[in-house]
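Read the structure below first, then the notes.
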Amino acid sequence: MDWDTTISDRLVLRSLRGVVDHLADELLTAAAGGTARVEVVRRRPDRVEIELEGPLAVLRGLHLYSECAVDLGELDPDGDVTAGGVAERLGESLTRGALSALDGAPQLRFRVGDLDDARWAVRDQLVATWGWHNAPRSWQVNLDLVEGRLLATLGDLHLTRRQGPLERLPASTTPVLAAALVRLAKIPDGATVLDPFCGAGTTLVLAHAISRPGRLLGSDLVLGSLRRARTNASHRRAPLLLVRADAARQPWADASADRVITNLPFGKRVGSHGVNRTLYPAFLRELDRVLAGDGLAVLLTEDKRLLVESVQRTRGLRIVRDLTVGTGGAHPTAYVVVRSRGQARRRAR
Ligand SMILES: C[S@@+](CC[C@H](N)C(=O)[O-])C[C@H]1O[C@@H](n2cnc3c(N)ncnc32)[C@H](O)[C@@H]1O
């Protein structure tokens, strides 16, 4: 696709619950530094609707959305895409909108996703009237219905296509969530960033992509996870220092981490509440030891009460902010933790 084509279109960017305000900021910051005009028209719980005038390149390097779709308007129950508002929007997008920037436009390869009873009508009309090709295995555009509106998702703008794939574990943090955690951490240039439950290394790889850290340190108990982290680090050219270690007995020096960003074990996939009752307090004692005087930690968990109570029992740490996100049916909270007053000064000396 041609990222530099100037377009004018109404687009929907899919993100996560709790993250849309950060996505809106990321969008407006990216637009401020270039030639594109972006207006955030509407914020929904898990997506942002925008009007974009300018090159699609402004959306290329963003981290806080997973998919981008052209909003084709309300689809009538018969699934008619040959007349009315949907046909008009399709025509506009194919002439001067995002669809016009796709290779081969206006004849595009498509598949139909979740369209209820309208799927056959939409499929047949796209082929007969618009000259598109039904290509479920090599599609450029996926059509589905969201709250009655027909959305044309652009394969080229999918996160994996824009940034490359990442090796994942069943409990891996999604890249959009990892990016949101990294933003919460506000990493200063040159900072040492640590993830002591690093798994496949997603948070560290995103910290490398979004900010300019100094050292990126990761540890995990499981060797297989560290292998995946190594693969991700090499694919993304992120210089991670990875070590096998228990987060309750970390190999890092006192006050050596400026930022700790981590997705703790919680839920059914990793660990259990019983294990966490010992692990969380022990990990927080280590966090208190390795966090620099003016350091900051972002800790994600769904075992929330245990985390909050464990921080309260750790004299040197306090929670200053939290953000609850929706991801794959779970609603974990990211807690921003800093040193308790007095402790920061004592360590900084
Ligand atoms: C929620 S996952 C982290 C996912 C990671 N952010 C990723 O994207 O792959 C939690 C990780 O904690 C690790 N873990 C569990 N108990 C641990 C412990 N005591 N010390 C260090 N790592 C541990 C697990 O092996 C798992 O990789």
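We number each residue from 1, following the sequence as shown. Both ligands and their constituent atoms are indexed starting at 1 by order of listing.
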Heteroatom distance test ([X], ligand 1): nitrogen or oxygen, under 3.5 angstrom:
X      : answer
Ser219 : no
Leu221 : yes
Thr203 : no
Thr202 : yes
Val222 : no

Which atom pairs, donor and acceptor, lie under 3.5 Å between side-chain atoms of residues 33-42 and protein residues at least two apart or in another chain?
from  : atom 1 : to    : atom 2 : distance (Å)
Arg37 : NH2    : Glu53 : OE2    : 3.4
Arg42 : NE     : Glu49 : OE1    : 3.3

If we ignore angles and hydrogens, is there a donor and acceptor under 3.5 Å between the side chains of [X] and [Y]?
X      : Y      : answer
Gln163 : His63  : yes
Thr95  : Ser100 : no
Asp9   : Ser93  : yes

For this session: Using the salt bridge (Lys or Arg N to Asp or Glu O under 4.0 Å) rule, pick out the option among Arg318, Arg339, Arg315 that qualifies with Asp288.
Result: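 Only match with Asp288 under salt bridge (Lys or Arg N to Asp or Glu O under 4.0 Å): Arg339.
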
Atom indices of ligand 1 within 4.0 angstrom of [X] heavy atoms, with elements:
X      : answer
Pro265 : 12 (O), 15 (C), 16 (N)
Pro196 : 21 (C), 22 (N)
Cys198 : 5 (C), 6 (N), 7 (C), 9 (O)
Ala247 : 18 (C), 20 (N), 21 (C)
Leu264 : 1 (C)
Leu279 : 19 (N)
Ala200 : 7 (C), 9 (O)
Ala171 : 1 (C), 2 (S), 4 (C)

Exercise. Do other residues, nucleotides or ligands put more than 12 heavy atoms under 6.0 Å from Asp189 CG?
Worked result: yes

Could you go through residues 196-212 and list every donor-acceptor pair under 3.5 Å that involves a side-chain atom there, pairing it with any protein atom two or more places apart or in another chain?
from   : atom 1 : to     : atom 2 : distance (Å)
Thr203 : OG1    : Asp195 : OD2    : 2.5
His208 : NE2    : Arg237 : O      : 3.1
Ser211 : OG     : Ala207 : O      : 2.6

Exercise. Mind checking whether Ala245 has a heavy atom under 4.0 Å from ligand 1?
Worked result: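 The answer is yes, since Ala245 has a heavy atom less than 4.0 Å from ligand 1.
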
Problem set entry | Option whose closest heavy atom lies nearest to atom 26 (C) of ligand 1, chosen from Asp220, Val275, Leu226, Thr278 |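 The option holding the nearest heavy atom is Asp220.
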
Seminar exercise, completed: Nearest non-hydrogen contact to atom 1 (C) of ligand 1 from the set Asn263, Ile261, Thr301 belongs to Asn263

Exercise. Do Arg321 and Leu184 come within less than 4.5 Å of each other through their side chains, counting heavy atoms only?
Worked result: yes

Problem set entry | Salt-bridge present (Asp254, Arg289; N to O < 4.0 Å) | yes

For this session: Measure Ala178 to ligand 1 on non-hydrogen atoms and call it side chain, backbone, both or neither using the 4.0 Å cut-off.
Result: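 The answer is neither.
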
Exercise. Can a cation-pi geometry be assigned to Arg313 and Tyr280, taking NZ or CZ under 6.0 Å from the six-membered ring centre and within 45° of the ring axis?
Worked result: no

Problem set entry | Reference residue Asp156; test side-chain hydrogen bond (donor to acceptor under 3.5 Å, both in side chains); the match among Arg60, Gln140, Arg162, Arg161 | Arg161

